[in-house]
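Each residue takes its place number in the sequence, starting with 1.
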Amino acid sequence: MGRSADRGGGWLGPVLAVVVLATGLGATWYGAAGLRADDATNARRVMDQRTAVARASVIAETGRYLDLLQTVAAGLGAGPDISASGFQAATAPLATSRLTGATGVALVVPADTAEVAAVEAAWRARGAAGLRLSPRPGTTRHLFPVLSRPLNATVPATPGADLAASVEASAALAEGRRTGAPAVSDAYVLLRDRALPPSRQQLSFVFAAPVYAPGDGGAFRGWVVLGLRGQDFLGGVLGDASQGLLAGTLRATDSAGRAVTVAAYQALGRRDLRRQATFPVGDQHWTLVTEADSARLPGARTLLPLTVEVGGAAATVLLAGLMYVLATGRARAQARVRTATAELRQAEAEARRQAGLLSAIMASLGDGVGVIDEQGRYLLHNPAARALLGTDADVDGPDNWQRHYGLFLPDGTTPFPEERMPLVRGLRGESSDGVEMIVRNAGRPEGILLSVDGRPLDASAGQRGAVAVFRDITALRRYENDLAVFAGVVAHDLKAPLSVVRAHCELAIDQLAEAPPSDDVTQAHTALRRILGAADRMAALIDTLLAYTTARDAPLSLTVVPLGPLVADVVRERTEHLRRGTDPSPAIYVGALPAVTGDPAMLRHVVDNLIGNALKYVRPGQDPRVDVTALPAEGDRVRFTVADRGIGIPDDDKPRIFETFHRAHAGKGYAGTGLGLAICRRIVERHGGTVTVEDNPGGGTRFVVSLPAAAADAAGDGEPAAAPLPLPAPEHARA
């Protein structure tokens, strides 16, 4: 009985292996055949797309050539007369238009044999110096190029050559004059190319546009003619459009209805795909025949059929072998199972080791790390994070974080808004850097200042979420504040000697006023005035540098700031010293302005600097004009503008106008340090806003400032500020 079972097991294994092998190979071949059919379909689709692109490129280029030619013809015909200089000016844009294959553009005029001498003299008088017309013998009607401009021509045109020698060119010019529209000739070898060796000659075309004097029924003045070499044109256009993947042949139907092969473009590979497209070019019809190797078309052929064949065959062989082994070698199968189990255990041990290493790294980090899932549930808080937050207990849900952890804005009193938290922004797919917040709770009663970076969780984690890294910057901020105090003390100590210098200079000036007039007294008086000016400039520079440092490091005292009264107060201070009739009389309009959330002193500095620049940078003898208005904004933002009619800012300086020490008008006699706008940008960005510059449509410059809006219940309605001077209507309102 046992021997019978052994014999059954001896033939069952090979039979099962053969059945599995035959079935698997058949299924593999069938699947690979289907994939190859899909590849063939993709190749045809890609070929259609590439041919459509090549056809569109040829149509677009020829259409562009005809449009440019017609534009030049219209420009020449619009003037009272045509001259050599006018022709060169009208055709100058063609030299930089990258007209692939174009040889040159010329003005062609007709002339009878009896008129040749007169036409030659007339065009010489119009600037065609050295023009010599060469009429073709045996004909009484001639076509002479009298003005020309070369365009990528390897052989220069012969001035005055009679185009009547070319039947094709003559027919195209006649057709253009008859229809009044651009015409295209049959393919032929250009007259200028007939001196070339046969191997370098190309079939070419002439594009001709008639030129008429202005008005209905205007007199005919000639043609603007463009030569186009077929091989150069096809090689340039098809090479760019197909990226060397398509071979192409360009054919043109001549006036006798015959298809003439004009040019051919070669490509690598065998040509198993072919397409043909016919399209109009002017009054002619061209045909583009494209061929390609399907194996070279991107996306047309894949390795998937071969992969399926190889992979399927390999899998089939392996499965057949497995069936054989299972049927004939139970012991070997059990040994392999044991080996696989050992490998799995080894992999599990390695995974545990890696997890332990990651845990040790997170525990060793000095910066806090927090990770949440897409529901706002904490997946990880390393020990440094718990120490910084002052609590070991986590709470899920962003709406609970502010109350649980005690999160506040840097002012220390305003609860940190949920939508601005870095982890919440990370869940929205946004990245944030250096977000400052204060943590104050039972575990951190004194409060600490944290800098938080937030990022969306990398997709390799297998789930959506966000990660935040935060560090304690309390000591750093305290150090920066100490530096600011130090800067203030240094600024005070630097200004004290300047005050002494200024006082002595003023005393000396008063004493000189009582001295008898003389050249020495005048020179001393001038020198003292220069010392006073230098001392004032030094004091202003010290104040500006101190403001620049304060704008970066000083803490923000955020509150509701109505912009209307603030702007009115700045305008009053800037203009109350002006005397009517003797000083420049500024026209200042202040519209209805809303309230914002910000530091009043810092925002006053921004407004004062922008309005001061608008009053300062004006042309000599011109009164300043300034409009301060609000613009519509979205969400919780406020946008207001300060526009002037001054000297403006050059376009080259606009990208750098907010950089430190950059001055757009440094050499034009306007005082300044180049720090004012840098301070403005620093203050606005610390408020979470933006400041940009653009040209004022009415002339001058317009600065646009975006700031956080005040809460509706605290801000009230915006009201127009009282104007300190008689004001006209705003420029933008009159426009």
Side-chain angles (χ1 to χ4, degrees), residues 47 49-72 91-106 148-157 168 172 182 184-190 192-193 196-209 224-253 260-269 271 274-282 284-293 296-298:
M47 182 64 179
Q49 293 173 348
R50 293 277 177 170
T51 300
V53 171
R55 174 182 178 274
S57 297
V58 174
I59 293 175
E61 283 298 289
T62 54
R64 184 167 71 96
Y65 293 6
L66 290 171
D67 290 343
L68 288 172
L69 205 62
Q70 196 165 13
T71 300
V72 172
T91 58
L94 300 185
T96 58
S97 297
R98 297 185 63 188
L99 305 181
T100 303
T103 61
V105 61
S148 66
R149 174 187 285 275
L151 301 172
N152 304 320
T154 56
V155 178
E168 294 84 0
V184 181
S185 73
D186 291 344
Y188 75 104
V189 178
L190 297 176
R192 69 169 65 193
D193 290 348
L196 294 173
S199 60
R200 295 180 56 193
Q201 293 181 3
Q202 303 181 29
L203 287 180
S204 306
F205 301 94
V206 162
F207 290 9
V224 178
V225 175
L226 176 75
L228 183 69
R229 291 194 177 100
Q231 184 64 45
D232 293 345
F233 173 77
L234 180 64
V237 174
L238 194 58
D240 291 341
S242 71
Q243 299 174 343
L245 297 175
L246 297 183
T249 302
L250 181 64
R251 298 172 182 168
T253 303
V260 178
T261 299
V262 178
Y265 179 77
Q266 303 301 323
L268 298 175
R271 302 178 183 179
R274 188 176 187 274
R275 296 292 184 271
Q276 178 173 312
T278 300
F279 46 87
V281 177
Q284 300 288 341
H285 282 82
W286 291 4
T287 299
L288 179 64
V289 179
T290 56
E291 297 176 308
D293 183 354
R296 293 178 177 272
L297 294 178

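By the side chain to side chain donor-acceptor pair (under 3.5 Å) test, Thr287 is found to be paired with Thr278, residues two or more places apart in sequence or in another chain being considered. Shown here are the ring pair (Phe, Tyr, Trp, His ring centres under 6.0 Å) partners of Phe207, two or more places apart in sequence or in another chain: there are none. Every residue was checked against the salt bridge (Lys or Arg N to Asp or Glu O under 4.0 Å) condition with Arg98, not counting sequence neighbours, and none meets it. Qualifying side-chain contact (heavy atoms from CB on, under 4.5 Å) partners for Ser97, counting only residues two or more places apart in sequence or in other chains: Arg64, Leu68, Leu99. For Asp293, the salt bridge (Lys or Arg N to Asp or Glu O under 4.0 Å) partners are Arg270, Arg296, not counting sequence neighbours. Residues satisfying the side chain to side chain donor-acceptor pair (under 3.5 Å) criterion with Thr51, sequence neighbours excluded, are Thr290. Residues meeting the side-chain contact (heavy atoms from CB on, under 4.5 Å) test with Ala267, sequence neighbours left out: Ala247. Applying the side-chain contact (heavy atoms from CB on, under 4.5 Å) criterion to Ala209, with sequence neighbours excluded, gives Leu69, Ala73, Pro182. Annotation: salt bridge (Lys or Arg N to Asp or Glu O under 4.0 Å) contacts of Glu291 (sequence neighbours excluded): Arg271, Arg274. The salt bridge (Lys or Arg N to Asp or Glu O under 4.0 Å) check on Arg149 picks up nothing, with sequence neighbours excluded. Residues satisfying the side-chain contact (heavy atoms from CB on, under 4.5 Å) test with Ala264, not counting sequence neighbours, are Thr249, Gln266.
How far OG of Ser57 is from CG of Leu234: 11.0 Å, rounded to the nearest 0.5 Å. One finds the CZ atom of Arg229 at 8.5 Å from the CZ atom of Arg200 (value rounded to the nearest 0.5 Å).
Taking 4.5 Å as the limit, some side-chain heavy atom of Arg50 sits within range of a side-chain heavy atom of Gln243. At a threshold of 4.5 Å between non-hydrogen side-chain atoms, the residues Thr103 and Leu190 count as touching. Residues Trp286 and Ile59 have side chains not in contact (no heavy-atom distance under 4.5 Å, counting atoms from C-beta outward). Proximity of Phe233 to Thr62: side-chain heavy atoms (C-beta onward) are separated by under 4.5 Å at one or more points. For the pair Glu61/Tyr65, a side-chain contact is recorded, criterion being any heavy-atom separation below 4.5 Å from C-beta on. Within the 4.5 Å cutoff, the side chain of Thr261 has no heavy atoms near those of the Leu203 side chain. A 4.5 Å side-chain heavy-atom check between Val224 and Thr91 finds every atom pair outside the cut-off.
Between Thr253 and Asp186, the shortest heavy-atom contact is O-OD1, 4.3 Å. The two residues Val225 and Ala208 come nearest to each other via the heavy atoms CG2-CB, 4.2 Å. The minimum heavy-atom distance between Val262 and Gly230, with the atom names listed, is CG1-CA, 3.9 Å. Val184 and Ala172 make their closest contact through C-CB, 4.1 Å (heavy atoms, listed as atom of the first residue, atom of the second, distance). The two residues Ala292 and Leu246 come nearest to each other via the heavy atoms CB-CD2, 3.6 Å. Considering every non-hydrogen atom in both Gly236 and Thr100, the closest pair reads CA-CG2, 3.7 Å.
A distance-only check finds a donor-acceptor pair linking the side chain of Gln202 to the backbone of Gln231 [under 3.5 Å]. Side-chain atoms of Glu168 never come within 3.5 Å of backbone atoms of Tyr188 as a donor-acceptor pair (strictly under, hydrogens ignored). Checked by atom type and distance alone, the side chain of Gln201 pairs as donor or acceptor with a backbone atom of Leu196 at under 3.5 Å.
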